[in-house]
Each structure stands twice: as structure tokens, then as C-alpha cells.
Amino acid sequence: MKNRIYFIIGAIIAVLFSSCKKDNYEAPAADFTGRIVYQGEAINVQYGQVNFELWQSGFGNYSALNVNVSQDGNFSAKLFDGNYKLVFSPNQGPFLWKKNAAGKQDTIAVNISGNKVMDIEVMPYYMIRSASLTAASGKVNGFCKLEKIITDANAKDIESVSLYINKTQFVDGGNNIAIQQLTGAALADLNNLNMSVNIPTIVPTQNYVFARIGVKIAGVDDLIFTPVTKISF
């Protein structure tokens, strides 16, 4: 009986010691930061909807670390030093990611040795140009032009263009207090897109809203946006 008790105690100590060893592993310390860009200009997206994958081999379980892209196109991740492969999975983002000779999503090599800042170049279907957001007479008015970037066989049409406003800095289709959407014939001239939305009563009262314009591309889930603008009224 004593031998059995000693065995149980020894097993518990072994488990506790093993747990302590696991807890004492060093946390990742390198900051990997940057932006998703096209020719140096950040690609603005919806918060929490776009991410890319980082793969690192040599540690037993070969799996992806998902890195979220913020709505202003920035990203940040804590990593261990080492060599990684970076890739966007298909249908991620309002852009195309380069493919390899086999027609699959290509990877780019990323070496982490201490903190690293890197912009990731992508090819958007469209870019929003000359955007303007102003307030007047209880409304927020928006204007923009759209530049078609991809014009080959991968080109796509515009499904809708929307002006969103919200009480907070998170502004998109799921986070807004008012929206105006242009579709169909209203998209005939992509160089002259005008929108206007009434500012509703805000409780508690505030004399400003946050606004931005989002563009939905046909067959693409993720919208491309203008930067968030704070508008006083």
C-alpha cells in the first residue's frame, strides 16, 4: 500500500514538474509588423475579416499562424526567430495574390531575427481615388473615383459602393449607424460617385461621427475601403 502511495505522489510531482517546465518556455519576443500595400499605399479593409498565414517547419506540428490585418491595412504579430513562409489563402482580401508555376497561391520567405518591419505588396482589383468626406446640414457627403487596377482575364466589375458612418472608429457593413449604397445605374460613371447619408440622433450626444467609403467587387467577399475619417458637425 505504501509503495502505491509513493508511486501516486511521484506521478503527481512528475506532472507538476513537467507543467513548470512548459510554463518556463520563453514567449515569442520578435515583433513582425507592416502594412498590406499597393505601390506603397495601404489597403484598407474591414476589421477582423482579412488575414494571412505564416508557416514555420521544424517544430513537429506544421501548422499556420494566422495574422489579422487591421482596418487601416496594418498588421502585427509576436514571433520566434526563424524562417517562415507567408501566404494569403484564396479569396482573402479585395486583391489578387501571386500564384506559382502550378497555379497555386505562392509563398514568400520571411526571415525573423529580432524585430522586423515589412510591407506586403498585393494587387487590388480597384483603388479608391480622390475620396472626400464632409458634413453639412445634418448629412455626411461622400465622393470618390475608382481606378480599375486589374484589367486582364482576372478583372471584375463593381457590385456596389457604400458610404458608412458610425459613432466609433470601427466603420463597415457590420458597424454603422447609417449607410447609403450605390448599385446598378448609379455606378455608370466610376469617376463621379456621390453619396449622402443623414446623421441620425446619437445617444449619448456627440458632435462627430466616423465615416468611410467601401467598395464591393463582384464575386469578392472582402471590401476595399477609404481610411476612416472623423467628421465634426
Side-chain angles (χ1 to χ4, degrees), residues 28 30-56 63-79 84-100 103-110 112 116-129 131 133 142 144 146-150 152 154-166 168-176 179 181 210-230:
D31 289 313
F32 178 43
T33 59
R35 303 175 303 159
I36 308 304
V37 301
Y38 171 65
Q39 295 183 348
E41 184 175 347
I43 302 295
N44 288 255
V45 294
Q46 181 172 336
Y47 177 79
Q49 293 298 306
V50 177
N51 64 75
F52 59 86
E53 299 171 354
L54 289 173
W55 295 80
Q56 186 181 33
S63 60
L65 169 67
N66 288 317
V67 179
N68 284 320
V69 179
S70 297
Q71 62 180 7
D72 60 2
N74 283 276
F75 65 85
S76 176
K78 281 279 191 189
L79 302 175
Y84 294 81
K85 290 183 178 180
L86 185 156
V87 64
F88 279 91
S89 59
N91 304 316
Q92 273 290 323
F95 46 76
L96 280 181
W97 183 247
K98 56 189 175 181
K99 293 188 176 358
N100 58 26
K104 306 233 177 195
Q105 299 290 98
D106 204 358
T107 60
I108 58 175
V110 178
I112 301 296
K116 184 181 186 69
V117 179
M118 185 180 92
D119 285 348
I120 302 172
E121 186 78 16
V122 296
M123 181 66 71
Y125 291 97
Y126 289 83
M127 289 294 286
I128 305 173
R129 304 299 190 194
L133 293 161
C144 71
L146 298 184
E147 179 187 1
K148 194 170 192 175
I149 305 299
I150 297 175
D152 59 13
N154 295 305
K156 295 183 181 292
D157 294 328
I158 297 295
E159 184 176 307
S160 64
V161 178
S162 301
L163 169 60
Y164 305 96
I165 62 172
N166 201 21
T168 72
Q169 296 181 52
F170 294 97
V171 191
D172 51 56
N175 298 284
N176 66 79
I179 174 177
Q181 186 176 84
F210 296 90
R212 65 176 179 163
I213 296 169
V215 176
K216 174 70 170 67
I217 300 145
V220 178
D221 290 338
D222 298 313
L223 281 68
I224 188 167
F225 289 86
T226 61
V228 175
T229 302
K230 183 178 180 179

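Computed from heavy atoms alone, side chains included, the values below leave out hydrogens, waters and symmetry copies. None of the values given here were measured: they were computed from a predicted structure.
In this structure, Asn166 and Val228 have side chains that are not in contact, with every pair of non-hydrogen atoms separated by 4.5 Å or more. Inter-residue side-chain proximity for Leu79 and Leu65 is flagged as met; some heavy-atom pair is nearer than 4.5 Å. A 4.5 Å side-chain heavy-atom check between Val45 and Pro94 finds at least one atom pair inside the cut-off. In this structure the side chain of Asp222 never reaches within 4.5 angstrom of the side chain of Gln46, judged on heavy atoms. The closest side-chain heavy-atom distance from Lys216 to Ser162 is not below 4.5 Å. Contact of the Lys156 side chain with the Ile150 side chain is not registered, since no non-hydrogen atoms from C-beta on lie closer than 4.5 Å. Side-chain contact between Phe52 and Val69: present, with at least one pair of heavy atoms (C-beta onward) separated by less than 4.5 Å.
The six-membered or imidazole ring of Phe32 lies away from that of Tyr84, with a centre-to-centre distance of 6.0 Å or more.
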Kindly indicate, with the supporting measurements, whether the criterion side-chain contact (heavy atoms from CB on, under 4.5 Å) is fulfilled by Thr168 and Asn175.
CA-CA 9 Å; Thr168 72; Asn175 298 284; 5.8 Å; no

Are Lys148 and Asp157 close enough, and set up right, to give a side-chain contact (heavy atoms from CB on, under 4.5 Å), and what steps lead you there? CA-CA 9 Å; Lys148 194 170 192 175; Asp157 294 328; 4.3 Å; yes

Fill in: Verdict with reasoning, Glu53 to Lys85, per side-chain contact (heavy atoms from CB on, under 4.5 Å)
CA-CA 8 Å; Glu53 299 171 354; Lys85 290 183 178 180; over 6 Å; no

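The CG atom of Leu146 sits 15.5 Å away from the OH atom of Tyr125 when rounded to the nearest 0.5 Å. Rounded to the nearest 0.5 Å, atoms CG (Asn91) and CG (Leu96) are 10.0 Å apart. Note: Ile36 CD1 to Glu121 CD = 10.0 Å, rounded to the nearest 0.5 Å. Summarising the geometry, atom CE belonging to Met118 is positioned 5.5 Å from atom CZ belonging to Phe75; distances are rounded to the nearest 0.5 Å. Within the model, atoms CD1 of Ile112 and CG of Leu54 stand 7.5 Å from one another, a figure rounded to the nearest 0.5 Å.
Put simply, the side chain of Asp119 gets close to the backbone of Arg35: a donor and an acceptor are under 3.5 Å apart. The backbone N or O of Gln169 sits less than 3.5 Å from a side-chain atom of Gln71, completing a donor-acceptor pair. A donor-acceptor pair is defined here as one N or O able to donate and one able to accept, closer than 3.5 Å; no such pair exists between the side chain of Trp97 and the backbone of Val122. Side-chain atoms of Tyr38 never come within 3.5 Å of backbone atoms of Tyr126 as a donor-acceptor pair (strictly under, hydrogens ignored). Judged purely by atom type and a 3.5 angstrom limit, Gln105 uses its side chain to pair as donor or acceptor with the backbone of Phe88. Put simply, the side chain of Gln92 gets close to the backbone of Asn51: a donor and an acceptor are under 3.5 Å apart. With Asn176 contributing its side chain and Gly173 its backbone, the two residues share a donor-acceptor pair below 3.5 Å.
When all heavy atoms are compared, the tightest approach of Leu133 to Arg212 is CD1-CA, 3.9 Å. Summarising the geometry of Gly219 relative to Glu159, their closest heavy-atom pair is N-OE1, 4.4 Å, with the distance given to 0.1 Å. When all heavy atoms are compared, the tightest approach of Pro124 to Ile224 is CB-CD1, 4.4 Å. Nearest heavy atom pair, residue Ile128 against residue Ile213, reads CD1-O, 4.0 Å. Heavy atoms only, all atoms of each residue included: Cys144 and Val161 are closest at SG-CG1, 4.4 Å. Nearest heavy atoms, Gly214 versus Leu223: C-CD2, 4.0 Å.
Between Asp31 and Lys116, none of the side-chain N atoms (NZ, or NE/NH1/NH2) sits under 4.0 Å from a carboxylate O, so this pair counts as no salt bridge. With respect to Arg129 and Glu41, a salt bridge is recorded, a charged nitrogen being found less than 4.0 Å from a carboxylate O.
More than 12 heavy atoms of other residues, nucleotides or ligands shown are found within 6.0 angstrom of CG on Asn154.
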